[in-house]
Amino acid sequence: MKILILGSGGREYSIARAIKNEQEEHELFFQPGNGATHQLGTNLNIKDYHDLAAFAEENAIELTIVGPEAPLVDGVVDIFKAKGLTIFGPSKEAAQLEGSKVYMKNFLAKYNIPTARYIETASIEDAFKFTDTLQAPIVVKADGLCGGKGVIIAQSHDEAKIAISEMLSGKSFGDAGLKVIVEEFLDGYELSMFAVCDGEDYILLPAAQDHKRLLNNDEGPNTGGMGAYAPTPLVDETLYQKVRERIIRPTLDGMQKEGAPFEGVLFIGIMVVNGEPITLEFNVRFGDPECEILMPLMTSSVSDMFFKAATNRLAQIKVEFSSQHAVGVVMASENYPYSSSTPAEIILDDVKHDDIKNNTHISFAGVSMEDDILYANGGRVLVCVGLGDTIKQARDRAYLRCGQVHFAGKKLRTDIAYQAL
Ligand code: AMP
Ligand code: GLY
């Protein structure tokens with residue numbers, strides 16, 4: 001197939017890598033891709049979505065896969081579908097499940113899907129009044145997309161009220177904060193679950209855990225994610241079943257009733273409190289770095305799963321996963337997540353040890369290439385992925401691979417998957 005992938009991260013690299021490893025040959029295009037994706041296909045530079053759809057039409061692209069949320073929220077799927085093109089991802093309307101936290105919370109309430117008690121409001125008085133009914137810590141969220149930074153966990157009522165005032169005045173997040181959600185703090189452990197959906201049917205992937213904080217022991221600022229592993233032993237069949245019955249099924253049915261059937265990846269951020277799964281949030285795309293560890297666990301065709309989902313035929317296929325575990329360790333640039341970093345040359349040692357060669361790989365993200373030299377370009381640079389029969393084996397292999405990657409200022413957590421060991 002000729003396949004176009006939108007995005008530039010490790011997530012998109014890992015999808016491409018999985019597709020390239022299939023028996024069938026595929027030709028890949030990336031918009032825009034990164035400094036390593038051109039080894040898997042062709043990087044494009046077509047920013048306008050109408051122009052991109054025209055490119056897809058002229059070049060007989062058979063499937064487009066959208067990685068990040070921004071193009072989805074902007075309506076790229078609607079633009080492609082209007083031309084009769086096959087594209088995997090939610091419509092602009094359905095993407096509001098991520099694009100607007102107010103939409104998401106109201107949807108959850110309407111369809112009786114478990115979530116934290118909350119108020120959504122643009123009124124400072126109402127927000128303060130509700131805050132007084134909660135016990136600290138208190139969670140304050142900006143409505144719109146804030147690149148993962150729009151959530152404040154306030155340790156006191158005063159701190160919560162300051163966060164609310166700053167959001168509602170437009171000071172902290174501009175227009176994205178002009179409506180806020182104030183909600184109760186959920187105390188439990190967090191999971192990332194992914195359902196690949198075609199509007200009606202879905203395939204639930206093995207549950208993963210991300211590591212959002214920058215530093216070991218979950219300290220330091222929030223990031224996009226510093227590492228992940230799957231499947232996690234923290235989920236048993238009973239919990240999967242609860243997530244299916246209480247969250248995924250009512251969400252797909254509800255979105256149909258709303259006239260916005262959900263196609264694409266439903267990423268459910270879950271907090272497990274006393275054995276019960278509570279929905280923290282929805283995203284409408286794969287998690288990054290979760291995607292990088294889930295793709296290599298799929299043993300059936302990844303491109304076929306996306307194609308069948310995009311053509312509403314998921315019920316026809318059986319998706320299979322290996323019995324192994326995967327651990328992904330993110331290597332980030334020096335100043336992540338605060339500011340950009342000076343490009344640094346990446347040196348990759350030759351992997352000589354067969355065990356490491358056969359059971360690890362790298363998914364490249366924030367990299368550029370110039371004169372055949374690979375540079376760390378800021379942000380999250382790459383993910384070292386290890387596979388193994390146990391989480392420990394997968395993790396040991398991932399860290400051995402990390403030891404073979406060098407660039408100035410490289411930053412990584414050394415405790416990925418600690419929850420499972
Ligand atoms: P969100 O963008 O809504 O997923 O929030 C980002 C992070 O904040 C989540 O991954 C959680 O770690 C944390 N968080 C969000 N809402 C809550 C809540 N109600 N209780 C506890 N932690 C939360
Ligand atoms: N790793 C979490 C996310 O992609 O939002």
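Just so we're clear, the structure is a prediction, and the values are computed from it rather than from any experiment. Counting starts at 1 for both ligands and their atoms, in listed order.
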Inset, instruction - Would you check whether Glu184 has a nitrogen or oxygen atom less than 3.5 angstrom from a nitrogen or oxygen atom of ligand 1? - result: yes

Inset, instruction - Please answer whether the main-chain N or O of Glu219 pairs with a side-chain N or O of Asn217 as donor and acceptor at a distance below 3.5 Å. - result: no

Legend entry - Where ligand 1 meets Met271 - atom numbers and elements under 4.0 angstrom, heavy-atom basis: 21 (C), 22 (N)

Legend entry - Arg413 side chain to Leu215 backbone, donor-acceptor under 3.5 Å: yes

Inset, instruction - Using a 4.0 Å heavy-atom cut-off, say whether Val139 meets ligand 1 through its side chain, its backbone, both or neither. - result: side chain

Legend entry - Close N or O approach (Arg285, ligand 2; < 3.5 Å): yes

Legend entry - NZ/NE/NH1/NH2 to OD/OE distance under 4.0 Å, Glu281 and Lys141: no

Legend entry - Residues Arg285 and Glu98 bridged, charged N to O under 4.0 Å: yes

Legend entry - Asp132 atom CG, neighbour heavy-atom count above 12 within 6.0 Å: yes

Legend entry - Nitrogen or oxygen atoms of Leu280 and ligand 1 under 3.5 Å apart: no

Inset, instruction - Flag Glu290 as yes when one of its N or O atoms lies below 3.5 Å from any N or O atom of ligand 2, and as no otherwise. - result: yes

Inset, instruction - Could you check whether the rings of Phe107 and Tyr111 sit parallel, tilted or perpendicular, using 30° and 60° as the cut-offs? - result: tilted

Legend entry - Per-residue contact class, Ile153 against ligand 1 - non-hydrogen pairs under 4.0 Å: side chain

Inset, instruction - Report, in ascending order of atom number, the atoms of ligand 1 lying under 4.0 Å from any heavy atom of Lys101. - result: 1 (P), 2 (O), 3 (O)

Legend entry - Sub-4.0 Å atoms of ligand 1 with respect to non-hydrogen atoms of Lys212: 10 (O)

Inset, instruction - Can you label the angle between the Phe267 ring and the Phe194 ring as parallel, tilted or perpendicular, going by 30° and 60°? - result: tilted

Inset, instruction - For Glu183, counting its heavy atoms only, list the atoms of ligand 1 lying under 4.0 Å from any of them. - result: 16 (N), 17 (C), 18 (C), 19 (N)

Inset, instruction - Return yes or no for this condition: an N or O of Gly224 is under 3.5 Å from an N or O of ligand 2. - result: yes

Legend entry - Phe185 neighbourhood, listing ligand 1 atoms whose heavy-atom distance to it stays under 4.0 Å: 20 (N), 21 (C), 22 (N)

Legend entry - Salt-bridge contact Lys101-Glu120 (side-chain N to carboxylate O under 4.0 Å): no

